[in-house]
There are 2 protein chains.
Amino acid sequence: MNQLSCFVQSCNEAEGGDSAVSSTKPVADATPKTARGRRTRQNILDAAEKEFGERGFHEAAINRITESAGVAMGTFYVHFESKESIFRALVSHMGQLTRRWIAERVADAPDRLTAERLGLEAFIEFVRQHRDLYRIVNESQFVAPDAYHEYYSEFAKSYQRRLREAAAKGEISQGDDEQRAWSLIGISVFLGMRYGVWDDSRPASEVAKGAADFIEFGLKPEAR
Amino acid sequence: MNQLSCFVQSCNEAEGGDSAVSSTKPVADATPKTARGRRTRQNILDAAEKEFGERGFHEAAINRITESAGVAMGTFYVHFESKESIFRALVSHMGQLTRRWIAERVADAPDRLTAERLGLEAFIEFVRQHRDLYRIVNESQFVAPDAYHEYYSEFAKSYQRRLREAAAKGEISQGDDEQRAWSLIGISVFLGMRYGVWDDSRPASEVAKGAADFIEFGLKPEAR
DNA sequence: ACAAAACATGATAACTGGTTCATGTATCAA
DNA sequence: TTGATACATGAACCAGTTATCATGTTTTGT
């Protein structure tokens, strides 16, 4: 049920900025050294995902997380510096998970336009499978604005690059790729919300098909 | 500086659903009966807008709101039922303010495609002028999900209608107007965030122009 | 086997901030 | 003027939190 396996390697960058300060104090937020530690850390992470996803950052309670993880309060702070810190770890992990999932599903698309459709379909499916995590990312806008900013900037950057390449190959028109990247992200996010989170009755492929048509031809009449 | 004049008439719908229960207790959240009351209420509202906008819902403090409004803590609860209640009032007001602003700027567009461009330009300008209020709407997703849902559903509904009319007139192509409406909203919101909130160095008209091109022609090469 | 390091505990300190309420004061209708 | 209603006050209440720390237990390397 929980998709947070293979988390361990991805959590150090959270506090990465000023980590040159290697204090002699216990370094929370770092990968544990023993198997027991890793197990515990993972349990806390899983519990946190559930708690944050269900209640949101502010309503979420550390004591509920630790209880649900089957450890004592203090243990939380052995592994994480603070409530915000574990939240950031979750957000950062989400970015990777999402990108990886979409990348896989898009890998063998013959061209950019097909990739757009498959990518959107994959995204909607992903959202449906991870409503909680989707919420976490959205809420990071207020809890950890820089994490949120980075999350989408990362997306936009690679998006932009692929658009540029596709334009060079003539697969798509020329245009302002930065703007187009953000537009496409906006489309995904809102369709993901509308047809992924709020109402999952329409097949993802159908939504993706309709959107792909809009993305390809725009609103111009008689364009095809 | 503050755009919350003409607020009074719009705040009753917040608790409107089950208001048949006309208790004998002081009805907070209703329009005050005397001039003094209206003045005070407005002061609180203005202060709340600033406070919520700057700090976000959870960091915002009632005592700072009342202090900034020049009234005592208790006075807040004479006029509003709770912290969440005033927040909802603000969100609902934002919807009207935004729609009105855009509607004005789009009123005399000759066709739908032009309206799209002008509307986006107006929206970006609006966001730049009202960063605080924009933030309030976004955060409502977590504080008052139903208010958020209604906010965008309202937008989508009227958007959809206009697309349908435009398609009937042949100004734009046929398509799934619900999906297209949500896509267009997504574009606006993300461009608004990227070029309105995060970076306002590019002229709104330029952003709108680029986006309008994408909206009109899509990514298809050689379409024009 | 033994010390050192890593990990775990959980009661509680220390605090925050929304909401209440008993008690006023202003306003208005008659 | 007077009674009733509307509005205002702000100290105190209170529930709920995060984070700490002194003390244990497990694991690891030698």
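Per chain, numbering begins at 1; letters A, B, ... match sequence-line order.
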Measure CZ/R39(A) against C1'/dA8(C) and give the value in whole Å, please. 13 Å
Here the distance between atom C1' of dT17(D) and atom CD1 of I65(A), to the nearest Å, is 12 Å
What is the distance, rounded to the nearest whole Å, between atom CD of E67(A) and atom P of dA8(C)? 17 Å
From C-beta outward on P32(A), which listed nucleotide comes closest to its side chain: dT17(D), dG18(C), dC7(C)? dC7(C)
What's the closest nucleotide to the M73(B) side chain, out of dC7(D), dT18(D), dA11(D)? dA11(D)
For R36(B) and F76(B), take the nucleotide of DNA chain C holding the closest heavy atom to each; which residue's nucleotide lies nearer the 5' end? F76(B)
Strictly under 6.0 Å, is that where the ring centroids of Y152(A) and F190(B) end up? yes
Atom CZ of F80(A) to atom P of dA8(C): distance rounded to whole Å? 11 Å
Consider the side chain of H79(B), meaning its heavy atoms from C-beta on, and name the nucleotide among dC7(D), dG18(C), dT18(D) that approaches it most closely. dC7(D)
Using the side-chain heavy atoms of V78(B), tell me which of these nucleotides is nearest: dA8(D), dT18(D), dT9(C). dA8(D)
Write down the distance between CZ (F57(B)) and C1' (dG18(C)), rounded to a whole number of angstrom. 10 Å
May I ask you to say what A69(B) touches in the nucleic acid, namely base, sugar-phosphate or nothing, with a heavy-atom cut-off under 4.0 Å? nothing
Would you say the ring centers of F126(A) and H130(A) fall short of 6.0 Å from each other? yes
H58(A) NE2 - dG16(D) P separation (whole Å): 18 Å
Look at T34(A) and dC7(C) and indicate whether a side-chain polar atom (N or O) is within less than 4.0 Å of OP1 or OP2. yes
Length of the line joining E51(A):CD and dT17(D):C1', which is rounded to integer Å: 13 Å
What nucleotide, of dT9(D), dT18(D), dT19(C), holds the atom closest to the side chain of N63(A)? dT18(D)
Any side-chain donor-acceptor pair under 3.5 Å between Y195(B) and E178(A)? yes
Looking at F155(A), does the NZ or CZ of R99(A) lie under 6.0 angstrom from its six-membered ring centre and within 45 degrees of the ring axis? yes
Can you classify the ring geometry of W182(B) versus W198(A) as parallel (below 30°), tilted (30 to 60°) or perpendicular (above 60°)? perpendicular
Please tell me which of the listed nucleotides, dT9(C), dA8(C), dA8(D), lies nearest to the side chain of T40(A)? dA8(C)
It should be established whether Y77(A) places a side-chain nitrogen or oxygen under 4.0 Å from OP1 or OP2 of nucleotide dT20(D). no
Round to a whole Å and report the spacing from CZ of R55(A) to C1' of dT17(D). 14 Å
Between T75(A) and T75(B), name the one whose nearest nucleotide on DNA chain D is closer to the 5' end. T75(B)
